[in-house]
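Notes follow the structure.
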Protein chains: 2
Amino acid sequence: MKEGPDIARVAALIGDPARANMLTALMSGRALTATELALEAGVTAQTASSHLAKLHEGGIVAARKQGRHRYFTLDNPDIVELLENLMGIAQRTGHNRVRTGPKDPALRKARICYDHLAGEMGVALFENLQQRQFIVFDDSGEMRISKQGAAFVQDFGLDLVQMRQMRRPLCRECLDWSMRRSHLAGALGAGLLQRMFELGWARKSNESRVIDFTPTGEKAFYDLFAALPNN
Amino acid sequence: MKEGPDIARVAALIGDPARANMLTALMSGRALTATELALEAGVTAQTASSHLAKLHEGGIVAARKQGRHRYFTLDNPDIVELLENLMGIAQRTGHNRVRTGPKDPALRKARICYDHLAGEMGVALFENLQQRQFIVFDDSGEMRISKQGAAFVQDFGLDLVQMRQMRRPLCRECLDWSMRRSHLAGALGAGLLQRMFELGWARKSNESRVIDFTPTGEKAFYDLFAALPNN
DNA sequence: CGAATGTTTCGATTAAGATCGAATTATGAA
DNA sequence: TTCATAATTCGATCTTAATCGAAACATTCG
């Protein structure tokens, strides 16, 4: 009865509402200070400090001191994956009283999921890339980028060679809890969003996970990522 | 501060030690009764009943009534994935006082991880398949089975065509918490273990997650899965 | 230096929920 | 039917930990 790693320890750390709120906020991929996280979680700074100490001790978040601030981030990619996983299950098993998407329409439309695009636009992007067979599933059911897809994203300005050298998988599916459909994660998902920022199509909102697209940026997005296969 | 799915709800369900023990036991892939789970968790039947009601209500476990027993299983593959994920993190972030593997040597050697082989033999299997390039990582970093690999497993007696029709991915890596290295999960991992049972190489232990190999079975296993690439 | 801001420590309070004994319901066996 | 076993419900107890006020500590700025 006492074999194996102590999953209760880790799960309990995430299982407190205040801490879960903090972790959700950190899914924005941004480093946040203790005070910001306190605000996000709806608790006082003292309480937040205690929670953050626990999360840090437990290896869930990493802390970095800078001046009189302490910045926190999620400690490891597998933590991100765990939280994504949790969100999917929480969404699926949540009582029906819960609305199918976030209250905030902007959040539902485009938000950051750690470092890639989620929400309606994220799902649209993913499904378009699939339709055009830029992303395909091979025999073993694994997702990968096709030759045409590689050409397409390089044309868009991504350095595929460099991205392939990262230990992180290039293509990964991530269940979108607001849409209940998949969007693109992995190095490719992150790279595409990064490039959209560079092109000035969009920028991160400062106080939430919303991604703000400029009108021109949004038009360019749909021009490029809503094209049909046979165009 | 209150956006998105309620991950705290799910995490808190897993975060209680008694419930975590039950879920770990269910990772054996076997359907267990309430009493068995009570024993496993080290609590009385009343307490277990209350926990199981919560897990069921929360969509974590599925219940099936049979006679005067109630059998419980993990409700969904993504729950299994979540637990595997949690085990990996719990192992990685666990304090060093924790030994690097399970106490029970048999458990460390070969155990069931939901429906596939884990432990030393699981890791050996996975690494051998990789060495012989039966399992390869393609450009996008995704794992898949090679042509030679497909021939090999079909020769072993698996029906690849049927396995590919399952929605479940064929090859998946699963971090082995006792070895801190990967073993093979997914439909292929499950199929291989299944076939080993059929061949009489091994059988599930009745009261733990240990997989008992017969002497002949173990020899056959190492003969087949410890061969070098150039043999 | 002193003032302001960010963070942590300490201590006391309080709320949530894990636990079990006793009793109850359900099913199968004799 | 009667008995035994499995599972649940109820009620009471008790432990854990979340919370915040007050105060201390750290760092930057003027």
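Reminder, nothing fancy here: chain letters follow the sequence lines and each chain counts from 1. Note that the structure is predicted; figures quoted are calculated from it, not measured.
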By nearest nucleotide on DNA chain D, pick out whichever of A:His51 and A:Gly67 is the more 5' one.
A:His51
Name the nucleic acid region contacted by B:Ala45, choosing base, sugar-phosphate or nothing; use a 4.0 angstrom heavy-atom cut-off, strictly under.
base
Atom-to-atom span, CG of A:Leu52 to P of C:dT9 - whole angstrom
12 Å
Would you say D:dA18 has OP1 or OP2 under 4.0 Å from some side-chain N or O of A:Thr47?
no
May I have the distance from B:Leu55 (atom CG) to D:dT8 (atom P), rounded to whole angstrom?
12 Å
Presence of donor-acceptor pair under 3.5 Å, side chain of A:Arg68 and base of C:dT5:
yes
If you pin B:Arg70 and A:Val43 to their nearest nucleotides in DNA chain D, which one's is more 5'?
B:Arg70
Any sub-3.5 Å donor-acceptor pair from B:Arg64's side-chain atoms to B:Phe72's backbone N or O?
no
Set out, in order, the CA-CA distance, both residues' side-chain angles and the distance that settles salt bridge (charged side-chain N to carboxylate O under 4.0 Å, His left out) for B:Glu36 and B:Arg30, then state yes or no.
CA-CA 11 Å; B:Glu36 286 171 326; B:Arg30 192 181 277 122; over 6 Å; no
The side chain of B:Ser49 lies closest to which of these nucleotides: D:dC20, D:dT8, C:dA18?
D:dT8
Using whole Å, report how far NE2 of A:His56 lies from P of C:dT7.
14 Å
Distance, rounded to the nearest Å, where B:Leu32 contributes CG and D:dA6 contributes C1':
15 Å
Run the salt bridge (charged side-chain N to carboxylate O under 4.0 Å, His left out) check on A:Lys54 and A:Glu57 step by step: do they pass?
CA-CA 5 Å; A:Lys54 281 171 188 160; A:Glu57 167 74 17; over 6 Å; no
With a 4.0 Å cutoff (strictly under), does any side-chain N or O of A:Arg19 reach OP1 or OP2 of D:dA18?
yes
Nucleotide C:dG6, atom C1' - distance to CD of A:Glu36 in whole Å
11 Å
Do any N or O atoms from the side chain of A:Ser49 and from the backbone of A:Ala45 form a donor-acceptor pair under 3.5 angstrom?
no
B:Arg9 CZ - C:dG17 C1' separation (whole Å):
17 Å
Of the listed D:dT19, C:dA18, C:dT8, the closest approach to the A:Gln46 side chain comes from C:dT8
Rounded distance (Å) that lies between atom C1' of C:dG6 and atom CG of A:Leu39:
14 Å
Look at the side chain of B:His116 and the backbone N and O of B:Cys113, then say whether any donor-acceptor pair between them is shorter than 3.5 Å.
yes
Taking OP1 and OP2 of D:dA17, is either one under 4.0 Å from a side-chain nitrogen or oxygen of A:Lys54?
no
Nucleotide nearest B:Thr44 (side chain, heavy atoms from C-beta), chosen from D:dT19, C:dG21, C:dT7:
C:dG21
Phosphate-side-chain proximity, A:Thr35 and C:dG6, N/O vs OP1/OP2 below 4.0 Å:
no
Heavy atoms only, 4.0 Å cut-off, all strands: where does B:Ala18 land among base, sugar-phosphate and nothing?
sugar-phosphate
Does A:Gln162 reach the main-chain N or O of A:Asp159 with its side chain, forming a donor-acceptor pair under 3.5 Å?
no
Does A:His69 make a side-chain N or O approach to OP1 or OP2 of C:dT7 shorter than 4.0 Å?
yes
Can you measure A:Met22 atom CE to D:dT19 atom C1' for me and round it to whole angstrom units?
12 Å
